[in-house]
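Position 1 is the first residue of the sequence, and the numbers go up from there. Heavy atoms only: backbone and side chains are in, while hydrogens, waters and symmetry mates are out.
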Amino acid sequence: MSKTPGQIALMAESGRLLASVFGYLDRLDLLGMSTLQVNDLVDKYITEELEARPASKGQYGFAYAMNTSRNEVVCHGVPSADDILRDGDLVNFDITLEKNGYIADSSKTYLIGEVSDQARQLARVTYEAMCEGISAVRPGARLGDIGHAIERHARAHGYSVVRDYCGHGIGREMHEPPEVLHWGKAGTGLTLREGMTFTIEPMLNQGKADVRTLRDGWTVVTCDGQLSAQFEHTVAVTREGVRVLTLRPEELHLSSVSA
């Protein structure tokens, strides 16, 4: 379950490359693009520019390089030529990348055009909740501390935490032990040890936490049709605390806990 310093260094390189994919997305004018167009650009960027592999492609039979989850879609949205990014949308891009045999996993919710204050706040609080979870990571802490920190922040702002999906261990495989719940009781669960690597990826809903899967077998939506947002990072437990392996250049506030 724990990784050696050499293995974590390889994961950090995958994470650095994945962060650059989001930098590439940040420079695109997403308004009016289809989610399939975005997928195809990301696929090409990963394979041709970064000489890496989009690890989601082919995983469990999924045919695309990324998940594209818009508005009421909670996660696992399937890229489509008919799914057009319009003014006021929220869309989460969830991308995994493998380089040198190790995988990094990260996601970011984008605001398309002029979004409502309510949508903007949901995205902001979801990002903050992920950061609260990351800040709880250190040797000797418990998995329940992460979930407790996330849920406390979400509830303080009136949002619900999706319980049907969770973070996960990661390394040579996309999904490894342990499961990292985004709710929980502080001081409970597995004790964190130096060298453990996993994702923290809370999904917060405007309304109730209940979700359902559409007929395509992938797309998960809120049951009440209200908005959902998600952010995700891959992290490693270090001797001093936590290192965010997929840290993006603009996230200087997280570098203080990423020694």
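- Taking every heavy atom of both residues into account, Ser34 and Ala81 meet most closely at CB-O, 3.6 Å.
- There is no path of hydrophobic side-chain contacts, each under 4.5 Å, that joins Tyr165 to Val161.
- Here Thr96 contributes atom OG1 and Leu18 contributes atom CG; the two are 8.0 Å apart, rounded to the nearest 0.5 Å.
- A salt bridge (charged side-chain N to carboxylate O under 4.0 Å, His left out) check over residues 94-106, counting only residues at least two apart or in different chains, returns the pairs Arg53-Glu98.
- The shortest heavy-atom contact between Ala236 and Thr197 is CB-CG2, 3.8 Å.
- No more than 12 heavy atoms of other residues, nucleotides or ligands lie within 6.0 Å of CD in Glu179, so this atom counts as exposed by the packing criterion.
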(request) Tell me, with the steps shown, if Val38 and Val91 meet side-chain contact (heavy atoms from CB on, under 4.5 Å). (result) CA-CA 11 Å; Val38 178; Val91 61; over 6 Å; no
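- With values rounded to the nearest 0.5 angstrom, Gln206 atom CD is found 9.0 Å from Thr222 atom OG1.
- With Asp145 contributing its side chain and Ala136 its backbone, the two residues share no donor-acceptor pair below 3.5 Å.
- Remark: the backbone N or O of His168 is paired with a side-chain donor or acceptor of Thr199 at under 3.5 angstrom.
- Note: His175 and Tyr60 meet the aromatic proximity criterion, with ring centroids under 6.0 Å apart.
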(request) Apply side-chain contact (heavy atoms from CB on, under 4.5 Å) to Leu122 and Thr109, showing your working. (result) CA-CA 10 Å; Leu122 173 64; Thr109 292; over 6 Å; no
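- Taking the six-membered ring where tryptophan is involved, the planes of His153 and His157 are tilted, since the angle between them lies from 30° to 60°.
- Interatomic distance, Leu181 CG to Trp183 CH2, rounded to the nearest 0.5 Å: 4.5 Å.
- Here the CG atom belonging to Leu204 is positioned 11.5 Å from the CE atom belonging to Met130, to the nearest 0.5 angstrom.
- More than 12 heavy atoms of other residues, nucleotides or ligands sit less than 6.0 Å from atom CZ of Arg124.
- With sequence neighbours excluded, no residue satisfies salt bridge (charged side-chain N to carboxylate O under 4.0 Å, His left out) with Arg142.
- Side-chain N or O atoms of Thr238 include none that pairs as donor or acceptor with a backbone N or O of Arg243 at under 3.5 Å.
- In the hydrophobic cluster analysis, where Ile, Leu, Val, Met, Phe, Trp and Tyr join through side-chain heavy atoms closer than 4.5 angstrom, Val42 is grouped together with Leu97.
- In the hydrophobic clustering of ILVMFWY residues, with side-chain heavy atoms under 4.5 Å counting as a link, Leu245 and Met196 come out apart.
- Here the rule is side chain to side chain donor-acceptor pair (under 3.5 Å) with His233, and of Lys108, Glu201, Glu251 only Glu251 fits it.
- Two different hydrophobic clusters hold Met174 and Phe93 under the rule that ILVMFWY side chains link at heavy-atom gaps under 4.5 Å.
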(request) Could you walk me through whether Val137 and Ile146 pass side-chain contact (heavy atoms from CB on, under 4.5 Å), step by step? (result) CA-CA 7 Å; Val137 177; Ile146 299 172; 3.7 Å; yes
(message) Walk me through whether Thr234 and Phe198 qualify under side-chain contact (heavy atoms from CB on, under 4.5 Å).
(response) CA-CA 6 Å; Thr234 297; Phe198 49 83; over 6 Å; no
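- A distance of 12.5 Å separates CZ in Arg16 from CG in Leu247, rounded to the nearest 0.5 Å.
- By the 30° and 60° cut-offs, the orientation of the rings of Tyr45 relative to Tyr24 is parallel.
- In this structure, Asn71 contributes its side chain and Leu90 its backbone to a donor-acceptor pair below 3.5 Å.
- Classified by interplanar angle (parallel below 30°, tilted 30° to 60°, perpendicular above 60°), the ring pair Trp218/His76 is perpendicular.
- The backbone N or O of Gln230 sits less than 3.5 Å from a side-chain atom of Asn92, completing a donor-acceptor pair.
- Linking ILVMFWY residues whenever their side-chain heavy atoms come closer than 4.5 Å, directly or via other members, leaves Leu31 and Ile84 in distinct clusters.
- Panel note: side chain Asn205, backbone Ser160; no donor-acceptor pair is recorded below 3.5 Å.
- A donor-acceptor pair under 3.5 Å links the side-chain atoms of Thr35 to the main chain of Ser80, judged by distance alone.
- Distance check, rounded to the nearest 0.5 Å: CZ of Phe62 to OG of Ser56 gives 7.0 Å.
- Ring orientation note: the planes of Phe231 and Tyr127 are nearly perpendicular, at an angle over 60° on the 30°/60° scale.
- Counting only distance, with no hydrogens or angles, the side chain of Thr246 and the backbone of Gly15 share no donor-acceptor pair below 3.5 Å.
- A salt bridge links Arg70 with Asp89: the closest approach of a Lys/Arg side-chain nitrogen to an acidic carboxylate oxygen falls below 4.0 angstrom.
- Residues Tyr110 and Asp26 have side chains that bring a donor and an acceptor to within less than 3.5 angstrom of each other.
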